[in-house]
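Note sheet for the following structure.
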Amino acid sequence: MAVESATGTSDAPRTTDRTRASDKTMTMREAVAAHVRDGDTVSLEGFTHLIPTAAGHEIIRQGRRDLTVIRMTADIVVDQMLAAGCVSRLVSSFVGNSSAGSLGELRRRVEHADPEPLAFEEYSHYGMICRYMAGAQRLPFYPLRSYGGSDLPDVNPALRKVTSPYPGPDGEPEEIYVVPPVNPDVTIVHAQRADRSGNTQVWGLTGVQAEAVYAARKAVVVVEEVVEDEVVRSDPNRTLIPAHAVDAVVVCPRGAHPSFAQGYYDRDNAFYRAWSGISKDKERLTAWLDEWVHGTGDHAEYVAKLGEEFWDGLAVGEAMSLPVNYGRRL
Amino acid sequence: MAVESATGTSDAPRTTDRTRASDKTMTMREAVAAHVRDGDTVSLEGFTHLIPTAAGHEIIRQGRRDLTVIRMTADIVVDQMLAAGCVSRLVSSFVGNSSAGSLGELRRRVEHADPEPLAFEEYSHYGMICRYMAGAQRLPFYPLRSYGGSDLPDVNPALRKVTSPYPGPDGEPEEIYVVPPVNPDVTIVHAQRADRSGNTQVWGLTGVQAEAVYAARKAVVVVEEVVEDEVVRSDPNRTLIPAHAVDAVVVCPRGAHPSFAQGYYDRDNAFYRAWSGISKDKERLTAWLDEWVHGTGDHAEYVAKLGEEFWDGLAVGEAMSLPVNYGRRL
Amino acid sequence: MAAETVTSSELLSVVASRELAGRHAVFAGIGLPTLAASLAHLTVAPDLEIVYESGVCGAHPSHLPETIADAVLITGAEAVIPMPTLFGSVLQGGHIDVGFLGAAQIDKWGNLNSSVIGDDWHRPKTRLPGSGGANEVMANSAEVFVVMRRHDLRSFTEELDFCTSPGPDRALADGIRPLGAGVTRVITELGILAREGVGEELKLAALHPGVTVEDVKANTGWELRTSGDLSVIERPSDAELALLREDVDPERVYLR
Amino acid sequence: MAAETVTSSELLSVVASRELAGRHAVFAGIGLPTLAASLAHLTVAPDLEIVYESGVCGAHPSHLPETIADAVLITGAEAVIPMPTLFGSVLQGGHIDVGFLGAAQIDKWGNLNSSVIGDDWHRPKTRLPGSGGANEVMANSAEVFVVMRRHDLRSFTEELDFCTSPGPDRALADGIRPLGAGVTRVITELGILAREGVGEELKLAALHPGVTVEDVKANTGWELRTSGDLSVIERPSDAELALLREDVDPERVYLR
């Protein structure tokens with residue numbers, strides 16, 4: 001009997017053409033060329049830790065346009081992508097330069113439509129997290145106890161209410177806000193390490209990366225290093241993102257700068273502080289992009305241009321985890 | 001100014017009188033005496049791995065009555081608690097002796113009300129998981145894509161539908177089933193290790209333990225060993241259950257038998273196979289309880305009674321995880 | 001290795017493995033589904049991953065596992081994920097191509113009963129284990145394969161005593177949009193029943209050598225229709241049997 | 001260590017720390033809230049745990065952290081949890097006694113604006129960072145403390161330009177059952193405003209030495225009422241200042 005593939009009745013966005021065993025490593029240039037297209041909805045996640053900056057820079061180098069960027073904390077990398085003209089819509093819950101100041105380009109776009117308007121969808125952090133969870137879990141909505149009495153639903157029609165089918169604690173019907181799912185065309189995250197097939201291990205702050213990857217149609221994982229299968233398999237609980245959810249693995253050391261990679265390099269707080277000044281002045285910002293993004297062929301050049309002494313300043317020492325025993329049948 | 005505690009308006013079940021820094025270790029006898037009362041709703045979780053059997057046995061020894069037991073896979077320990085007369089209601093998604101056979105007492109209770117009826121709420125696995133998530137997240141309900149067309153909602157009125165406030169993929173309104181939260185009076189889980197304040201580390205299969213603990217008013221963590229703070233803190237990502245969610249830490253080596261503890265001892269498959277026969281015959285079952293539960297003062301006696309040779313048969317070898325670097329500021 | 005010596009377990013495993021050609025992600029329990037998936041991995045589906053209900057992805061067990069939670073599945077695995085992630089993001093999220101299920105009863109639409117035998121759920125003749133994750137595997141896998149050793153009137157029923165895990169037709173009637181095709185293959189000791197999706201009955205699609213259409217009809221509780229291109233299943237090849245016996249289950253844990 | 005030399009940061013940290021007496025779990029950002037919580041841990045709330053928005057529980061940092069995600073908070077911590085667990089199970093789950101928030105504007109009900117200055121959200125005069133987790137901290141903490149360096153008419157407004165993080169009164173008016181009391185303490189360079197829960201305005205509860213009721217009223221944009229038991233805040237003690245300067249922030253990262 002011929003094996004025919006069932007068409008089913010699903011119109012869900014999922015594709016299951018990812019393979020587990022194959023080698024998915026490619027360069028950043030290849031990954032962005034293959035998986036990020038003009039007009040795409042692109043999620044870049046990493047909560048203050050492991051921000052996929054190098055991926056953002058490559059999107060700028062390749063001149064992508066009209067992107068919808070989804071990112072909880074729209075910070076420096078988003079300001080850079082805005083300034084480079086890549087982004088027409090932003091979905092976010094925090095548009096600031098960490099606690100270090102402002103995002104100059106974002107403020108020009110929002111406050112003055114300069115050089116052009118920016119469509120902006122404003123959420124809270126948990127609203128964004130719940131959108132990713134709904135996307136990952138293929139749910140039509142996700143309920144959360146936020147937004148009651150806020151002005152956010154007035155400016156964001158995606159924030160709606162549902163009445164619970166169970167009585168509230170007082171016996172009366174209970175209402176709760178919900179958010180819709182988000183299913184990015186591609187999610188890009190940065191991680192410490194993966195194997196070649198995409199089993200990705202993260203430690204330190206793990207943020208919402210796993211949910212953002214599972215919510216996406218395609219996922220690119222950028223890592224500090226690719227490791228042998230045995231390394232990953234020695235500690236399967238450390239695998240935050242299994243290979244079946246990953247389409248591309250990009251090796252890009254120091255690709256999270258100016259954010260940090262726990263155990264690899266520290267945060268460049270000086271650059272965060274500097275960014276408010278750079279971005280406030282459009283000319284300085286353009287010059288910065290010309291020098292550091294357009295002026296470098298890839299992230300390796302950017303890293304080299306910063307210089308060894310610079311990286312020595314962000315170096316970290318050792319604080320190794322104590323191993324656990326997974327056990328072996330005798 | 002006097003500091004007064006705000007009463008707020010919350011009628012939610014949460015208490016936040018747990019402390020982080022204190023020593024919460026106690027014996028199993030003390031923990032069950034303090035935290036499990038007649039009539040309580042008790043969640044015992046651990047999906048085939050780390051089943052809190054010793055806690056179930058102590059509940060039997062202390063003669064608790066009229067409990068509502070919540071457990072995804074109601075297996076041997078539940079059959080034993082049923083036979084001992086502790087349980088009047090069961091909430092579960094799988095009532096079988098693993099793949100090894102039947103639960104004799106459960107079948108007598110359900111099929112023949114022998115010796116008395118058992119109130120039973122039947123769910124699927126994900127329905128139970130979603131109930132724990134709703135309980136942990138203080139949500140009025142949790143949506144899931146299960147149950148459409150099933151007979152389960154006919155026999156379980158807690159399974160209800162909600163209409164999404166967003167149009168479905170065809171533009172029409174979309175309905176989805178939801179489950180209500182569960183907030184056990186106490187959740188008991190077994191884990192490999194914790195520190196004295198309750199930071200609990202688990203590896204291998206992690207099941208739904210964290211959600212079951214967060215959903216509960218009180219939580220008891222039973223561990224193979226209590227370790228020094230430095231061990232836990234060397235790998236904070238391994239902490240599945242933070243101390244702020246834990247009320248009692250019980251050291252009880254081999255307390256998950258006949259299930260297993262990854263890296264500590266293997267599953268006693270022979271006992272699983274034997275249980276179908278033991279439980280089928282009420283007299284044998286009663287004799288087993290008399291000998292192994294009522295006839296032992298605590299789990300240490302149970303372990304000793306099984307004997308060293310027995311435990312040698314379940315011993316496992318070493319397969320250590322490779323350490324990761326958390327980094328240290330230089 | 002003559003075909004006559006092939007056991008029922010071997011036959012079902014080999015036939016099921018062929019149906020997995022080109023699939024990537026399989027949700028499978030221990031036993032015949034694992035044997036089938038492992039054999040398929042060595043033959044028709046080199047990229048196949050087995051995802052276990054316990055949360056194990058990419059297992060590399062040192063010994064053939066005895067349960068879905070066997071410690072040997074965890075040590076050396078590529079990932080072990082928490083249950084909410086497994087059921088929420090992987091299964092409900094739509095990453096499973098084929099889910100394997102068993103059941104006490106199946107009807108012509110591929111609806112399954114694993115809860116009770118008897119008319120009254122509240123006072124059943126036989127209490128079965130229940131859904132476990134079966135309801136979710138059915139609702140969310142792109143398609144479902146059922147492997148049943150026994151093909152008889154008790155299991156293949158006109159009407160289920162209770163529907164634990166409904167296919168898409170029942171879901172639609174309940175106003176719920178189905179995400180998968182439901183049961184597309186039922187592999188038994190007599191042959192293969194197949195359907196492709198919503199609105200289709202299970203039809204007899206293939207027979208084992210020596211089995212007649214009448215044999216199957218006599219053991220099926222509904223008026224079984226026959227597919228237009230009814231075929232005869234090729235016997236397990238020497239290569240398939242060698243892989244199964246020597247590589248997949250050399251200790252014959254399941255190849256009883 | 002004369003009281004005259006006490007900086008504004010030191011004053012606010014000490015006063016806020018006293019308000020944490022007996023509390024167990026605090027949700028705090030870096031800066032004054034961390035200083036206050038760290039000092040409280042050494043004085044009035046020995047069991048206090050700081051939970052950071054980044055997911056760190058039970059931090060034991062080697063250096064004073066510069067951000068909520070500083071690597072030194074992670075190394076040696078008791079637990080680092082994923083964001084869905086932090087916001088879902090810990091915060092929304094009801095485990096936070098006191099959440100610390102800042103804002104650009106606050107009104108008399110303790111509603112907060114951190115989104116925009118200007119009437120039109122679509123074309124604001126100033127775009128601020130937005131909610132981050134503030135909306136959730138407000139909705140789910142048992143109570144919220146606000147520490148504001150600046151007490152003036154720009155920040156203490158009769159009407160917010162935009163309500164990012166509403167207190168329980170606004171939630172009730174929107175048909176949503178509030179879970180916490182909202183803002184119960186506002187600690188500023190002039191004194192302390194307080195309210196206990198639903199239906200109550202923020203009233204002037206305490207003054208720093210040398211500050212008058214009129215000073216505060218003149219710098220508050222609504223008609224501020226005064227609590228019946230208006231008190232004067234005790235100056236930071238030598239013991240409090242010593243702990244703050246020598247143990248909590250010896251390098252004076254935040255004690256500007």
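Proteins come first, then strands; the chains are lettered A, B, ... in the order of their sequence lines, and each starts at number 1.
Between chain B and the options D/Val56, D/Leu91, D/Val90, heavy-atom pairs under 4.5 Å are most frequent for D/Val90. Counting heavy-atom pairs closer than 4.5 Å to chain B, the top residue among D/Val51, D/Val72, D/Ile81 is D/Val72.
The main-chain N or O of D/Ser89 is never found under 3.5 Å from a side-chain atom of B/Gln137 such that the two would form a donor-acceptor pair. Using modelled atom types, no side-chain atom of B/Arg233 and backbone atom of D/Gly58 make a donor-acceptor pair closer than 3.5 Å. When atom types are taken as modelled, the side chain of D/Thr75 and the backbone of B/Arg328 share no donor-acceptor pair closer than 3.5 angstrom.
To the nearest 0.5 Å, the span separating CG on B/Asp229 from NE2 on D/His60 amounts to 7.0 Å. Note that OG1 of B/Thr239 is 8.0 Å distant from CD of D/Glu78, once rounded to the nearest 0.5 Å. One finds the CD1 atom of D/Ile96 at 7.0 Å from the NE2 atom of B/His244 (value rounded to the nearest 0.5 Å).
When heavy atoms are compared at a cutoff of 4.5 Å, D/Thr85 approaches chain B solely by way of its side chain, counted from C-beta outward. With a 4.5 angstrom heavy-atom cutoff, D/Leu230 does not touch chain B via any of its atoms.
The 12-atom threshold is not exceeded at CZ of B/Arg37, counting heavy atoms of other residues, nucleotides or ligands nearer than 6.0 Å. Surrounding CD of D/Glu234 are at most 12 heavy atoms belonging to other residues, nucleotides or ligands under 6.0 Å away.
Of all non-hydrogen atoms in D/Ala77 and B/Pro236, the two that sit nearest each other are O-CB, 3.3 Å.
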